A.B. asks: 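Once you've had a glance at the structure underneath, I'll fire off some questions.
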Amino acid sequence: MQLAEGGRGRVSPNPLVGAVVVRDGEVIGEGFHAKLGGLHAERACLEDCRSRGEDPAGATMYVTLEPCAHQGRQPPCVEAILEAGVGRVVTASDDPSEKAAGRGPGILRDGGVEVAFATGAEATAARRLNQPFRKHARTGLPLVVLKMAMSLDGQTATAPGDSPWISGPESRDLVHRWRSEHDAIAIGIGTALADDPLLTARIDGARQPKRVVFDSQARLPLESQLLATLDQAPVLVVTAPDAPADRTTPLKEAGAEIICASDLELALRELGRREVTSLFLEGGQTLASSFLSSGLIDEFRTFIAPMLLGGSEKGSESGARVVALESTTERVGDDILVRARFKEW
């Protein structure tokens, strides 16, 4: 699983996968899926065995996800495992996609390979490693992660004329890393009009996410920074069916892709069709409240900054009480980061 993390932000819509070959308690090869279109973890691991002068025949391979049995950007991994003569494969998690769903382990067993599945904490951790992939495979929808920053008194926006930042520089750096790890980043039109953001990951060499604006009436200005930087990353504008054509047409001509959707779930389904497996929601109390009231948030990440802003904001009027499956806290600079997971796929 540590090896698999090496592909984060580089392999989507594929899953994160790591593999290790072991003989007599000694690692003789290791690998991971490093980039989209590159070797899968199993093949990279077997290549590493050969580069070390080790023969994987009869050895045990540990892999975080069941080996694939279909032709995709790479040939089936089960073929490489069988050709190498690996004697035993231990898999930490299943692949819920329709083209997999147990085919790989079945082919390996038919080929004389012993197959076992991990249980307990390792299996749980392996599933959580690929929540975006698993949700997209099962539902066609992206995993939705909501990021917010708030003061100790619960405020999420500073007063006009003040610094727009609530969270500290270390937290903002972390957010740029999160951006690079997601397929798309989304804001509401209110944030787009107020802040004119770029929504890029300011990390050298980082993969840039698609940039999504939920803009029911197509009000995104043609001179916005988003449209001025289409060479860096695509811009998708989600409009309502009644958005005026005299606004949507100029946005299309400027290079934006228009997604017409009557509700948030349909918008997510359209993003899923475009191989968006993870959506990072940033900015916009209205958009955040809409997603929360629709029950479409999978994970919440909130920075709590050591400051008081005063004033008041209208919170969600929904009476629903939703308890997180799991929550953690950690220190990020002067801020406290609270992560809460509401669904598991």
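Residue numbers start at 1 and run along the sequence shown. Remember, predicted model here, so these are calculated numbers, not experimental data.
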A.B. asks: Is the Lys NZ or Arg CZ of Arg138 less than 6.0 Å from the centre of Trp345's six-membered ring, within 45° of the axis?
C.D. replies: no

A.B. asks: Can you run down the ring-ring contact (aromatic ring centres under 6.0 Å, His included) pairs that involve residues 188-216, sequence neighbours left out, and say none if there aren't any?
C.D. replies: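 The answer is Phe214-Phe291.
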
A.B. asks: By salt bridge (Lys or Arg N to Asp or Glu O under 4.0 Å), which residues pair with Arg127, not counting sequence neighbours?
C.D. replies: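 In terms of salt bridge (Lys or Arg N to Asp or Glu O under 4.0 Å), with neighbours along the sequence ignored, Arg127 is linked to Glu344.
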
A.B. asks: How long is the straight-line distance from SG of Cys45 back to NE2 of His40, given to the nearest 0.5 Å?
C.D. replies: 14.5 Å

A.B. asks: Is there a path of hydrophobic side-chain contacts, each under 4.5 Å between heavy atoms, that joins Leu266 and Leu279?
C.D. replies: no

A.B. asks: Can you list every side chain to side chain donor-acceptor pair (under 3.5 Å) pair that touches residues 13-29, not counting sequence neighbours?
C.D. replies: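 Residue pairs with at least one partner in residues 13-29: Asn14-His33.
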
A.B. asks: Looking at Asp196, is its backbone amide N or carbonyl O close enough to the side chain of Gln225 to form a donor-acceptor pair, meaning the two atoms are under 3.5 Å apart?
C.D. replies: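 Yes, because the side chain of Gln225 sits within donor-acceptor range (under 3.5 Å) of the backbone of Asp196.
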
A.B. asks: Taking a hydrophobic cluster as the set of Ile, Leu, Val, Met, Phe, Trp and Tyr residues connected by side-chain heavy atoms closer than 4.5 Å, whether directly or through intermediates, do Phe280 and Leu226 fall within one such cluster?
C.D. replies: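 Hydrophobic grouping puts Phe280 with Leu226.
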
A.B. asks: Of all residues at least two apart in sequence or in a different chain, which pass the side chain to side chain donor-acceptor pair (under 3.5 Å) check with Ser327?
C.D. replies: none

A.B. asks: Please evaluate residues Phe303 and Leu174 with respect to the criterion side chain to side chain contact (heavy atoms under 4.5 Å, CB included), reporting the C-alpha separation (whole Å), side-chain torsions for both, the decisive distance (0.1 Å), and the verdict.
C.D. replies: CA-CA 11 Å; Phe303 293 105; Leu174 181 56; 4.1 Å; yes

A.B. asks: When you look at Glu5 and Phe32, which way does the side chain to side chain contact (heavy atoms under 4.5 Å, CB included) test go after all the steps?
C.D. replies: CA-CA 8 Å; Glu5 286 287 349; Phe32 63 95; over 6 Å; no

A.B. asks: Give me the atom names and distance for the closest heavy-atom approach of Thr191 to Pro197.
C.D. replies: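 So the two residues come closest at O-CD, 4.0 Å.
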
A.B. asks: Where do Cys49 and Val21 come nearest, in terms of heavy atoms and distance?
C.D. replies: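 Looks like SG-CB, 3.8 Å.
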
A.B. asks: Charged N to carboxylate O under 4.0 angstrom, Glu47 versus Arg43?
C.D. replies: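 Looking at Arg43 together with Glu47, the answer is no, because their closest N to O distance does not fall below 4.0 Å.
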
A.B. asks: Within a 6.0 Å radius of atom CD on Gln2, are there more than 12 heavy atoms belonging to other residues, nucleotides or ligands?
C.D. replies: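 At most 12 heavy atoms, drawn from other residues, nucleotides or ligands, come within 6.0 Å of this atom.
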
A.B. asks: Could you tell me if the side chain of Pro76 sits less than 4.5 Å from the side chain of Gln71, heavy atoms only?
C.D. replies: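 Counting from C-beta outward, Gln71 and Pro76 do come under 4.5 Å.
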
A.B. asks: What's the shortest heavy-atom distance between Pro13 and Phe133, and which atoms?
C.D. replies: O-CD1, 3.6 Å

A.B. asks: For His136, check ring pair (Phe, Tyr, Trp, His ring centres under 6.0 Å) against everything at least two apart and list the hits.
C.D. replies: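 His136: no ring pair (Phe, Tyr, Trp, His ring centres under 6.0 Å) contacts found.
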
A.B. asks: Please list all pairs passing the ring-ring contact (aromatic ring centres under 6.0 Å, His included) test where one or both residues lie in residues 60-95, with sequence neighbours left out.
C.D. replies: none

A.B. asks: Hey, does Glu330 have a side-chain heavy atom less than 4.5 Å from the side chain of Val332?
C.D. replies: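 Sidechains of Glu330 and Val332: in contact.
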
A.B. asks: Flag yes if more than 12 heavy atoms outside Asp231 fall under 6.0 Å of its CG atom; otherwise flag no.
C.D. replies: yes

A.B. asks: Return all side-chain donor-acceptor pairs below 3.5 angstrom for residues 249-256, not counting sequence neighbours, or 'none' if the list is empty.
C.D. replies:
residue: Thr249; atom: OG1; partner: Ala245; partner atom: O; Å: 2.9

A.B. asks: Taking only residues two or more places apart in sequence or in another chain, which ones pass salt bridge (Lys or Arg N to Asp or Glu O under 4.0 Å) with Arg211?
C.D. replies: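 Residues passing salt bridge (Lys or Arg N to Asp or Glu O under 4.0 Å) with Arg211: none at all.
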
A.B. asks: Who passes side chain to side chain donor-acceptor pair (under 3.5 Å) against Arg88, sequence neighbours left out?
C.D. replies: Glu114

A.B. asks: Do Asp95 and Pro15 have side chains that approach each other closer than 4.5 Å (heavy atoms only, starting at C-beta)?
C.D. replies: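 They are not in contact (no side-chain heavy atoms under 4.5 Å apart), so the answer is no.
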
A.B. asks: Measure across Arg179 and Ala201 and return the closest heavy-atom pair with its distance rounded to 0.1 Å.
C.D. replies: CB-CB, 4.0 Å

A.B. asks: Rounded to the nearest 0.5 Å, how far apart are OG1 of Thr248 and CD of Gln217?
C.D. replies: 10.0 Å

A.B. asks: Taking only residues two or more places apart in sequence or in another chain, which ones pass salt bridge (Lys or Arg N to Asp or Glu O under 4.0 Å) with Asp183?
C.D. replies: Arg207

A.B. asks: Assigning hydrophobic clusters by single linkage (Ile, Leu, Val, Met, Phe, Trp, Tyr; side-chain heavy-atom cutoff under 4.5 Å), is Leu271 placed with Leu264?
C.D. replies: yes

A.B. asks: Is it the case that more than 12 heavy atoms not belonging to Glu98 sit under 6.0 Å from its CD atom?
C.D. replies: no

A.B. asks: When you compare the side chain of Ser216 with that of Ile189, does any pair of heavy atoms fall below 4.5 Å?
C.D. replies: no

A.B. asks: With distance as the sole test, does Gln74 use its side chain to make a donor-acceptor pair with the main-chain N or O of Gly37 at under 3.5 Å?
C.D. replies: yes

A.B. asks: With rounding to the nearest 0.5 angstrom, report the CG to CZ distance, Asp55 to Arg50.
C.D. replies: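 Reported value, rounded in 0.5 Å steps: 8.5 Å.
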
A.B. asks: Closest approach of Ile28 and Ala59, non-hydrogen atoms and distance?
C.D. replies: CD1-CB, 4.2 Å

A.B. asks: Evaluate the side-chain proximity of Ile187 to Asp195: yes if any heavy-atom separation is below 4.5 Å, no if none is.
C.D. replies: no

A.B. asks: When rounded to the nearest 0.5 angstrom, what distance separates CD in Glu299 from OG in Ser278?
C.D. replies: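 If we round to the nearest 0.5 Å, Glu299:CD and Ser278:OG are 11.0 Å apart.
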
A.B. asks: Do Leu65 and Val113 sit in the same hydrophobic cluster, where Ile, Leu, Val, Met, Phe, Trp and Tyr count as joined when their side-chain heavy atoms come under 4.5 Å apart?
C.D. replies: yes

A.B. asks: What is the distance from atom SG of Cys68 to atom CZ of Arg103, rounded to the nearest 0.5 Å?
C.D. replies: 9.5 Å

A.B. asks: In Å, rounded to the nearest 0.5 Å, how long is the span from SG of Cys77 to CD of Glu66?
C.D. replies: 11.0 Å

A.B. asks: So Leu36 and Arg73, side chain to side chain contact (heavy atoms under 4.5 Å, CB included) or not? Walk me through it.
C.D. replies: CA-CA 8 Å; Leu36 188 64; Arg73 294 179 177 90; 3.6 Å; yes

A.B. asks: I'd like to know if Glu257 and Arg274 make a salt bridge, using a cut-off of under 4.0 Å between side-chain N and carboxylate O.
C.D. replies: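 Yes.
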
A.B. asks: With ring-ring contact (aromatic ring centres under 6.0 Å, His included) as the rule and sequence neighbours excluded, what pairs involving residues 186-205 come up?
C.D. replies: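 For residues 186-205: none.
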
A.B. asks: Which atoms form the tightest heavy-atom contact between Ala4 and Gly18, and what is the distance?
C.D. replies: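 So the minimum-distance heavy-atom pair works out to CB-N, 3.4 Å.
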
A.B. asks: Side chains of Asp94 and Arg134: closer than 4.5 Å at any heavy-atom pair?
C.D. replies: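 Heavy-atom side-chain distance check passes, below 4.5 Å.
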
A.B. asks: Pick out which of Gln131, Lys135, Arg341 makes a side chain to side chain donor-acceptor pair (under 3.5 Å) with Asp298.
C.D. replies: Lys135

A.B. asks: Scan for ring-ring contact (aromatic ring centres under 6.0 Å, His included) pairs involving residues 256-276, sequence neighbours excluded, and state none if there are none.
C.D. replies: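 Qualifying pairs, neighbours excluded: none.
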
A.B. asks: Step by step, would you call Leu16 with Thr64 a side chain to side chain contact (heavy atoms under 4.5 Å, CB included)?
C.D. replies: CA-CA 8 Å; Leu16 300 172; Thr64 57; over 6 Å; no

A.B. asks: Using a strict cut-off of less than 4.0 Å between a Lys/Arg side-chain nitrogen and an Asp/Glu carboxylate oxygen, indicate whether Asp263 and Arg269 qualify as a salt bridge.
C.D. replies: no

A.B. asks: Between Arg219 and Asp215 (side chain of the first, backbone of the second, donor and acceptor by atom type, cut-off under 3.5 Å), is there such a pair?
C.D. replies: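 No, Arg219 side chain to Asp215 backbone: no donor-acceptor pair under 3.5 Å.
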
A.B. asks: State whether Asp48 and Arg52 are salt-bridged, where the test is any N-O pair (Lys NZ or Arg NE/NH1/NH2 against Asp/Glu carboxylate O) under 4.0 Å.
C.D. replies: yes

A.B. asks: Would you find a donor on one side and an acceptor on the other, under 3.5 Å apart, between the side chain of His176 and the backbone of Ile203?
C.D. replies: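 Pair absent, no side-chain N/O of His176 close to backbone of Ile203.
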
A.B. asks: Using the rule that Ile, Leu, Val, Met, Phe, Trp and Tyr join whenever any side-chain heavy atoms are under 4.5 Å apart, tell me whether Leu296 and Val212 fall into a single cluster.
C.D. replies: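 In one cluster with Leu296: Val212, yes.
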
A.B. asks: If the test is side chain to side chain contact (heavy atoms under 4.5 Å, CB included), which one of Thr91, Leu82, Val86 qualifies with Leu108?
C.D. replies: Leu82

